Number of protein chains: 2
Amino acid sequence: MKRIADSTVRRLSIYLRFLEGSSQRDLATVSSAELARHGGTTSAQVRKDLSFFGSFGKRGLGYSVPELTNSIRDILGLGREWNVIIVGAGKIGTALAQYHGFRPRGFHVVGVYDTDIGKVGTRWDGIVVRDFSLVTADLASRPVDIAVLAVPAEGAQEAANRLVDAGVKAILNFAPTQLQVPPDVAVRSVNMAMELEGLSYELSSRAR
Amino acid sequence: MKRIADSTVRRLSIYLRFLEGSSQRDLATVSSAELARHGGTTSAQVRKDLSFFGSFGKRGLGYSVPELTNSIRDILGLGREWNVIIVGAGKIGTALAQYHGFRPRGFHVVGVYDTDIGKVGTRWDGIVVRDFSLVTADLASRPVDIAVLAVPAEGAQEAANRLVDAGVKAILNFAPTQLQVPPDVAVRSVNMAMELEGLSYELSSRAR
DNA sequence: CCTACTTTGTGAATACTTTCACAAGCCCCG
DNA sequence: CGGGGCTTGTGAAAGTATTCACAAAGTAGG
Ligand SMILES: NC(=O)c1ccc[n+]([C@@H]2O[C@H](COP(=O)([O-])OP(=O)(O)OC[C@H]3O[C@@H](n4cnc5c(N)ncnc54)[C@H](O)[C@@H]3O)[C@@H](O)[C@H]2O)c1
Ligand SMILES: NC(=O)c1ccc[n+]([C@@H]2O[C@H](COP(=O)([O-])OP(=O)(O)OC[C@H]3O[C@@H](n4cnc5c(N)ncnc54)[C@H](O)[C@@H]3O)[C@@H](O)[C@H]2O)c1
């Protein structure tokens, strides 16, 4: 199967979010032009994105909202539950662990880890913070799909190494570090400082 | 001046972070190959990225770490202070307001706003949460460069509209919504659900 | 059933990004 | 001071992504 561009996968997420919103306002069908308008792209782009995976629309009509919703969920692998752990129970880790927006999309936080003995044992929303040194043993008995890494930059690579050794195959990294991992491990980074710097660049370059 | 690709600007941020780290370990110079290794790219890419803005290296030697650091800071517009406000004093907004990693890079949080009357008036780190309805008046007397939007998805577009009306020219959006703004306003989004879905896609497609 | 109208799906064309490959420039050492 | 060894800067080539444009397939209404 042909490799799909990252940009396409991101847009599928955007289309999905709009579809889930519009189905509540019970539209039966939606056109590529409408999807494009809300996704900030063009109708040709929408059709091309979907065409990589099959043919979901009806000519002259558009796409059935419930059918396309299911198809995109399927494509993205959202037809199942994913077990997620959060590593680092600091400000960001806490916010994520308490956030209720992930559960409905199938991401289930099954554990929170920290190295700070003062935080181990505290509990929010029924999840107890556990000592990070237990992670290898824990994952041996209960597999985990995705680890969210929310530790300071200095410790991020080392923590990632341990997660990879424990068998984690996907990491969402919040530390402002470029993680080095084996090619069979997927990494995505959320780097807020980089986004601010991007805005800084745009503001500066426009002024010129 | 030619339009610079987003991907190039992001990589400049990555190079900068590495340079700031390596200058502490006092290396005098760095080669494009070294920058590439830490930035997860190729040496040709590093040189091409920099070549859009000028010629910063010495053939046979590489780049002077302090000089290149300054040049990239300049390119990104980090040679000055940017005034930032945070809109939405919830879990994410609180974490951001208390985060000390932005100040050293020139991003200065000068205000936090919320609509919840129970939160208005509370104070962290010397910053008092103010009523969001005061934002227009506040910005008229004290200009703000960047607004960080950390409100629930339902209210995000409306809040963005008000910020744009108040003269904000750059928004960092944390709500999982595609904001519609005029073309002279820069928007970057941090969408954690989308990143998790990207990982979900990768895990699913690899299994095949 | 036929005609007018809409919207998809998709090759081909265009635009953009990355990689290649090498001349030119600079340092170091003898 | 000249030659060997590196490393940059950059056109040209290759590779990706987006946009164009239109035939094909459907709807709707009489
Ligand atoms: N807070 C923000 O708004 C913000 C913004 C941008 C980036 N970040 C980044 O996110 C990461 C976390 O930030 P934060 O503000 O939550 O930090 P924090 O200091 O509040 O929390 C970090 C937590 O990680 C724990 N920890 C340290 N090393 C660990 C390890 N090896 N294993 C497990 N836990 C470990 C610490 O005990 C602490 O509880 C940092 O890399 C930071 O740069 C945070
Ligand atoms: N917390 C997370 O881990 C997380 C993860 C991913 C995405 N997000 C997104 O980030 C955003 C904020 O999340 P949160 O968890 O901090 O939510 P939250 O509910 O903790 O906080 C939202 C805050 O915004 C305030 N608010 C609401 N409408 C407002 C308006 N018009 N103007 C100003 N303030 C307003 C509320 O009073 C509240 O204090 C949401 O869009 C959420 O989907 C959060």
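Heavy atoms only: backbone and side chains are in, while hydrogens, waters and symmetry mates are out. Here is how names work: the chains are called A, B, and so on, in the same order as the sequence lines, proteins then strands, and each is numbered from 1. These numbers come from a predicted model, not from an experiment.
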Under 4.0 Å between any heavy atoms, over every strand shown, what does [X] touch: base, sugar-phosphate, or nothing? Just pick one.
X       : answer
A:Ser7  : sugar-phosphate
B:Arg11 : sugar-phosphate
A:Ser32 : sugar-phosphate

Interatomic distance where [atom1] belongs to [X] and [atom2] belongs to [N] [whole Å]:
X       : N      : atom1 : atom2 : answer
B:Phe52 : D:dT8  : CZ    : P     : 16 Å
B:Phe56 : D:dT7  : CZ    : C1'   : 17 Å
B:Lys48 : D:dT8  : NZ    : C1'   : 12 Å
A:Leu61 : D:dG26 : CG    : P     : 11 Å

Parallel, tilted or perpendicular: which one describes the rings of A:Phe53 and B:Tyr201, with boundaries at 30° and 60°?
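Ring orientation of A:Phe53 relative to B:Tyr201: perpendicular.
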Measure the acute angle between the ring planes of A:His38 and A:Phe18, then classify it against the limits of 30° and 60° as parallel, tilted or perpendicular.
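Parallel: the ring planes of A:His38 and A:Phe18 meet at under 30°.
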Can you tell which of D:dG9, D:dA25, D:dT19 lies closest to the side chain of A:Arg59?
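So the nucleotide nearest the side chain must be D:dA25.
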Could you verify whether a donor N or O on one side chain and an acceptor N or O on the other, from [X] and [Y], lie under 3.5 Å apart?
X        : Y        : result
A:Trp82  : B:Ser200 : yes
B:Ser189 : B:Asn191 : no
B:Gln45  : B:Asp49  : yes

Can you see if the side chain of [X] gets near the phosphate of [N] - specifically, an N or O under 4.0 Å from OP1 or OP2?
X       : N      : result
A:Gln45 : D:dT19 : yes
B:Ser31 : D:dT7  : no
B:Tyr63 : D:dG9  : yes

Range on DNA chain C touched by chain A - first to last nucleotide, heavy-atom distance under 4.0 Å
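Result: C:dT6 to C:dA12.
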Which distance, rounded to the nearest 0.5 Å, do you find between the [atom1] of [X] and the [atom2] of [Y]?
X       : Y       : atom1 : atom2 : value
A:Leu35 : A:Thr41 : CG    : OG1   : 10.5 Å
B:Glu34 : B:Ser31 : CD    : OG    : 4.5 Å
B:Asp6  : B:Arg11 : CG    : CZ    : 10.0 Å

Using heavy-atom distances to pick each residue's nearest nucleotide on DNA chain D, tell me which of A:Ala5 and A:Ala44 is more 5'.
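Residue closer to the 5' terminus by nearest nucleotide: A:Ala5.
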For B:Arg47 and A:Lys58, find the nucleotide of DNA chain D closest to each by heavy atoms; which residue's nucleotide sits nearer the 5' end?
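The answer here is B:Arg47.
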Knowing that exactly one of A:Val185, A:Leu149, A:Val181 qualifies, which makes a side chain to side chain contact (heavy atoms under 4.5 Å, CB included) with A:Leu163?
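Passing option: A:Leu149.
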For DNA chain D, find the residues of residues 196-206 of chain A with a heavy-atom distance under 4.0 Å and give them by number; none if there aren't any.
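Of all residues in residues 196-206 of chain A, none places a heavy atom under 4.0 Å from DNA chain D.
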